Amino acid sequence: MFCLQDSPCRCRLSPGNSLRCQGSSATEDSQCKFMKECPSGQLSLHEFKKLLGLQGLDPQGDLYIKRVFDIFDLNQDGFIDFLEFIAAINLVIRGKIDQKLKWYFKLYDADGNGCIDKKELLSIFAAIQAINGQTNMTAEEFTNMIFQKIDVNNDGELTLEEFITGVERDEDLMELITKSFDLSNVIKVIQNGKKYHD
């Protein structure tokens, strides 16, 4: 059995060739679940979408899922391996708020230039709405509100410092950002071993 740890694998094939996990630690259990869903040890973008039940999204939804995938793919090889998976779980579920805000910033900064402009934020928020159906605020309203509250120099771009400082200072904004962009559900789907079907 292929394993990513130095210790002996506790994953076993049961009658009928289904993988049974016998991990003694949370990491071993997560590894077994990951390997059950992704026997190759590497999850492609297509498999990621399939695993989460997010095929056939509109272009904005696809853009968002691709951004999430690319950020989880730390070595940018086009796959999420187990170590990248664990890093994502730890950040999303157990990460400190400043770590999460840095991650959110990276998600919004689609062109990677170190600033978030209105177009980038609008695009990502519209994509999230397309996936989760959130409609209590339009993407335009959300984007305008964020820039009005935290673009302190009114240059139409948010730096990492402006973003983190602004969100940390405004409790309502912190809650809105956290709820709107929370990826815990994505990680939990993977962690719980949701099986996809062709």
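Position 1 is the first residue of the sequence; numbering continues from there. The structure displayed is predicted, hence computed values, not measured ones.
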Set of residues satisfying salt bridge (charged side-chain N to carboxylate O under 4.0 Å, His left out) with respect to D170, sequence neighbours excluded: K149
With sequence neighbours excluded, residues passing side-chain hydrogen bond (donor to acceptor under 3.5 Å, both in side chains) with N144: none
Gap separating the CD atom of E140 from the CZ atom of F125, nearest 0.5 angstrom: 10.0 Å
Separation between CG of L101 and CD1 of I164, rounded to the nearest 0.5 Å: 5.5 Å
Residues that T165 engages under side-chain hydrogen bond (donor to acceptor under 3.5 Å, both in side chains), provided they are two or more places apart: none
Beyond-backbone contact of I65 with L45, side-chain heavy atoms, under 4.5 angstrom: yes
Partner residues of F105 under the ring-ring contact (aromatic ring centres under 6.0 Å, His included) criterion, sequence neighbours left out: F163
For K106, all residues meeting side chain to side chain contact (heavy atoms under 4.5 Å, CB included), sequence neighbours excluded: I71
Y108/W103 aromatic ring centres below 6.0 Å: no
Set of residues satisfying side chain to side chain contact (heavy atoms under 4.5 Å, CB included) with respect to E171, sequence neighbours excluded: none
Expected output: side-chain E175 to main-chain D172 donor-acceptor under 3.5 Å: no
Non-neighbouring partners of D98 that pass side chain to side chain contact (heavy atoms under 4.5 Å, CB included), sequence neighbours left out: K96, E168
From CZ (F147) to CG (L158), nearest 0.5 Å: 4.0 Å
Salt bridge (Lys or Arg N to Asp or Glu O under 4.0 Å) pairs, two or more places apart, involving residues 63-77: K66-D70
Closest non-hydrogen atom pair between E162 and E157, with its separation: OE1-O, 3.1 Å
From D109 atom CG to L160 atom CG, the distance as rounded to the nearest 0.5 Å: 9.5 Å
F69: ring-ring contact (aromatic ring centres under 6.0 Å, His included) partners, not counting sequence neighbours: F48
Side-chain heavy atoms of I80 within contact of Q42, under 4.5 Å: no
L107 reachable from L122 in the ILVMFWY side-chain graph, under 4.5 Å edges: no
L74 backbone acceptor or donor facing E84 side chain under 3.5 Å: yes
Worked verdict on R169 versus I150 for side chain to side chain contact (heavy atoms under 4.5 Å, CB included): CA-CA 9 Å; R169 274 195 246 171; I150 63 179; over 6 Å; no
Joint hydrophobic cluster, F79 plus I86, side-chain heavy atoms closer than 4.5 Å: no
Would you list the atom pairs, donor with acceptor, under 3.5 Å between side chains in residues 114-121 and any protein atom, with sequence neighbours excluded?
| unit_1 | atom_1 | unit_2 | atom_2 | d |
| --- | --- | --- | --- | --- |
| D117 | OD1 | K119 | N | 3.1 |
| D117 | OD1 | E120 | N | 2.8 |
| E120 | OE1 | D117 | N | 2.9 |
| E120 | OE2 | A110 | N | 3.1 |
| E120 | OE2 | D111 | N | 3.0 |

Value rounded to 0.5 Å, distance of CD1 in I146 from CD in E141: 12.5 Å
